A.B. asks: 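First, the structure itself, so that you have it in front of you.
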Amino acid sequence: MLDPKSPIAWRFAQMNERFASAKAQGLYLYQQEAEKIDGMHVTINGREMLQFASYSYLDLLGHPKIDAAAIEAVERYSSGTHGVRILAGTIPLHTELERTISEFKHTEATMVYSSGFVTNYSTIAALVGRNDVVISDKLNHASIVDGCLMSRAKFVRVAHNDMAALEKALASVPPGKGKLVVADAVFSMDGDILNLPEVVGLCNKYEALLMVDEAHSVGVIGETGRGIEEYFDLYGGIDIKMGTLSKTIPSVGGYVSGSEELITYLKHASRAFIFSAALPPAQTAAAKAAFEVILEEPERVKRLQRNVEHFLTGLKARGFDTLNSVTPIVPIIAGDDERAWLMAKLSQERDIFVLPVVSPAVPSNLARLRANVTAGHTIEEIDRAMDVFAEVAKEVGVL
Ligand SMILES: *Cc1c(COP(=O)(O)O)cnc(C)c1O
């Protein structure tokens with residue numbers, strides 16, 4: 001039973017008060033139910049809105065080939081598996097998906113997990129331990145941070161995309177310690193890109209393993225959407241390539257791709273692979289079909305990149321601060337939390353579905369709308385959204 005005077009009770013009360021107050025002001029915009037999803041249109045409370053909060057960057061959610069693959073997998077293998085991959089849970093679709101990803105990422109081997117979050121968490125915890133050092137960019141995803149903490153390695157956080165700070169951290173690791181550097185390829189709140197060429201140079205110089213999280217990179221950057229290595233035309237520098245199956249790939253799950261030696265090690269050392277059930281058949285088949293569609297329909301990547309350019313140029317012309325974003329993740333800086341909440345609410349009232357990101361997810365003076373543009377938007381739809389953002393920004397005093 002909960003002791004009402006305990007710090008646990010205090011935490012419960014704090015959180016509940018914060019959200020009760022947001023709800024009372026009509027500013028609680030999270031967890032709204034999407035009744036209907038149709039490309040970049042979403043229906044909530046009976047009203048159709050334009051979707052500007054989607055991770056389906058290539059608009060693959062609802063793609064007929066991917067849906068058909070999922071349905072066929074259920075008909076053939078049913079809804080689940082007989083448990084964990086290492087015991088009775090592996091089906092041919094898992095191996096086929098892993099081979100498809102290895103080809104897509106130009107690696108020897110791949111393993112898939114049932115969640116992207118767990119992929120980072122469990123992989124990092126298996127790679128480093130008490131006698132090692134893990135160096136992580138300050139803006140890395142929560143799943144990376146938790147993996148670093150869980151690993152019990154010395155956890156060093158370095159300033160965002162700051163190569164001097166990274167070199168200093170690497171240079172100060174005592175001899176004999178294992179070193180792992182881990183970073184997002186595309187940073188999930190700011191939409192900027194990791195300085196891969198310099199990171200690879202430093203990891204080679206100091207003999208550190210490099211792990212890169214491509215959650216927002218695969219399907220998004222690089223001429224054919226193969227990700228950060230294609231973007232920089234720099235192959236061979238990343239030791240551990242991680243990605244999710246829940247964003248551009250319209251499924252769920254995560255993967256790690258790399259050398260045969262790495263994957264053999266992880267398949268027998270990573271606790272979430274060993275002790276958590278396999279990715280279900282439908283999700284596995286959908287993910288495999290989605291990687292194929294990215295290569296079969298290259299115009300999607302082109303349309304996405306054209307839309308990103310149009311969106312960023314248009315927002316800047318209207319006077320917005322979008323930080324250093326060059327990707328479909330576009331922060332529209334509002335300033336304080338209140339303004340971000342209000343801008344999102346007013347945008348939704350004008351049928352643009354966009355969400356605020358506030359502290360502690362981002363610094364409290366950099367609260368923002370986090371707008372995502374995709375291959376599924378038309379230029380007219382992007383223009384309409386930008387006009388709405390400018391209107392509401394003027395109303396709340398951001399512009
Ligand atoms: C979303 C995300 C994850 C987690 O992936 P899920 O598939 O949602 O579990 C990991 N890393 C980054 C950078 C992400 O944005």
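Please read these numbers as outputs of a predicted model, since none were measured by experiment. Each ligand, and each atom within it, is numbered from 1 in the order the structure gives.
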A.B. asks: Can you confirm whether or not the ring centre of Phe52 sits under 6.0 Å from the ring centre of Phe311?
C.D. replies: yes

A.B. asks: Provide the closest heavy-atom pair for Ala208 versus Leu170 in the form atom of the first, atom of the second, distance.
C.D. replies: CB-CD2, 3.8 Å

A.B. asks: Taking a 3.5 Å cut-off between nitrogen or oxygen atoms, can you list every pair linking ligand 1 to the protein, with distances?
C.D. replies:
residue: ligand 1; atom: 7 (O); partner: Gly116; partner atom: N; Å: 3.4
residue: ligand 1; atom: 7 (O); partner: Thr244; partner atom: OG1; Å: 3.2
residue: ligand 1; atom: 7 (O); partner: Ser246; partner atom: OG; Å: 2.7
residue: ligand 1; atom: 8 (O); partner: Ser246; partner atom: OG; Å: 3.4
residue: ligand 1; atom: 9 (O); partner: Gly116; partner atom: N; Å: 3.1
residue: ligand 1; atom: 9 (O); partner: Phe117; partner atom: N; Å: 2.8
residue: ligand 1; atom: 11 (N); partner: Asp213; partner atom: OD2; Å: 2.6
residue: ligand 1; atom: 15 (O); partner: His216; partner atom: NE2; Å: 2.6
residue: ligand 1; atom: 15 (O); partner: Lys247; partner atom: NZ; Å: 2.7

A.B. asks: Quick one: do the Tyr231 and Ser217 side chains pair a donor with an acceptor below 3.5 Å?
C.D. replies: no

A.B. asks: Answer yes or no: are there more than 12 heavy-atom neighbours, outside Glu349 itself, under 6.0 Å from its atom CD?
C.D. replies: yes

A.B. asks: Could you grab the distance from atom CD1 of Ile91 to atom CD of Glu96, nearest 0.5 Å is fine?
C.D. replies: 9.0 Å

A.B. asks: Between Glu230 and His106, do the side chains contain a donor N or O and an acceptor N or O under 3.5 Å apart?
C.D. replies: no

